[in-house]
There are 2 protein chains.
Amino acid sequence: MLLSKSCVYGLRATLYLATKPGGEFTPIKKMSEKLEISFHFLTKILQQLTADGMLESFKGPNGGVRLTKPGSKIKLIDVVLAIDGPKLLTECALGLPGCGLKNPCPLHDKWAETRDSIRDMLQNTSLSDLAEKGEKENLRLTEDGDFEELLRN
Amino acid sequence: MLLSKSCVYGLRATLYLATKPGGEFTPIKKMSEKLEISFHFLTKILQQLTADGMLESFKGPNGGVRLTKPGSKIKLIDVVLAIDGPKLLTECALGLPGCGLKNPCPLHDKWAETRDSIRDMLQNTSLSDLAEKGEKENLRLTEDGDFEELLRN
DNA sequence: CTAATTAGAGACTCTTTTGTCTTAAAATAA
DNA sequence: TTATTTTAAGACAAAAGAGTCTCTAATTAG
């Protein structure tokens, strides 16, 4: 798999937060229900993003988490790097340590190209891009649901 | 990681076999030493490729494994599919079951493009392509070695 | 035939990832 | 103050991936 499950859940969650008005805190419990992700597991993932500074949290009634920046300023790559780290964009496709321009493996050049296209995609797509597209076309972030249902309540 | 370790080892091993004359059997023990991969683990991986029909094996002295087709006819994608299966090229980036043209997630279109560029790279690169490049430029398939050392003996 | 060499098969362990659960700490409301 | 709601922290368990080990079966060499 390209991205870990944690990372995928993190993307779904931040994408959901990007549909919310900026100042509002959303409880993780509600997110976990809307997104059909285990509450405790999602909590753990979002704690990483809070530690990373991408989210801020607030305890107690009316608490929850929110993005620290507008969704248009957060790119997918930010979430991926925060959760999965840089390996996807730096590691050799044949697993050789120190593979690079200076000391490449036979696949290095081709893989570097492919990797760049992955990086570009993640770098050029913001949470808002996807949230707006999802809303306009009523797409889904869960197995069965759609965006309308996601935004309701 | 894009590819599992098993898959990476499988690629290194088949790439190594592609440097050998067609009829010759290479013992897995020797490959494991040349490639610095645990013998038993490599054996298990190559058994998959033998079952898959990409390799054939022969027991006893002068036995070993060899490619069943010329390296120029085996593409990287063949090895990847045999070991990691099709998930990389079919799965939704947000992990939603059944994500596709008909019922896409917000990331589907962009991810489909990126995925195509991964597929193209794997489909357009043969074992021989890499083996020849490695030999010409004396590249490496291990942390420290080079191709010259690989081919020696 | 016997010993040596090789792949095959499967049990087993270790590590990482994924997921669950419990308790603590912060904040609010009554 | 007390009960409630929320995140924080960390122990724990389950599953998957990675790696080891032993024994068997096939083949060859002597």
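First the proteins, then the strands, lettered A, B, ... as listed; each starts at 1. Given the structure is predicted, the values throughout are model-derived calculations rather than measurements.
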Whole-Å distance, A:Met31 CE to D:dT6 C1', equals 14 Å

Here the gap from A:Asp78 atom CG to A:Leu49 atom CG, rounded to the nearest 0.5 Å, amounts to 10.5 Å

Contact string for nucleotides 6-19 of chain C, one letter per nucleotide 5' to 3', B = base within protein heavy-atom range under 4.0 Å, S = sugar-phosphate only, - = neither, reads BBBB-B------SB

Within the side chain of A:Lys34, is there an N or O that forms a donor-acceptor pair under 3.5 Å with the backbone of A:Glu149?
yes

Atom NZ of A:Lys30 and atom P of D:dT7 are separated, to the nearest Å, by 12 Å

Output for pair (B:Leu15 CG, B:Asp129 CG), nearest 0.5 Å, gives 10.0 Å

Original post:
Is there a donor-acceptor pair closer than 3.5 Å between any side-chain N or O of A:Arg115 and the backbone N or O of A:Thr90?
Top reply: yes

Here the distance between atom P of D:dT6 and atom CD of A:Glu33, to the nearest Å, is 10 Å

Checklist entry - Linking I/L/V/M/F/W/Y whenever their side-chain heavy atoms sit closer than 4.5 Å, directly or via other members, would A:Phe39 and A:Phe41 fall into one cluster? => result yes

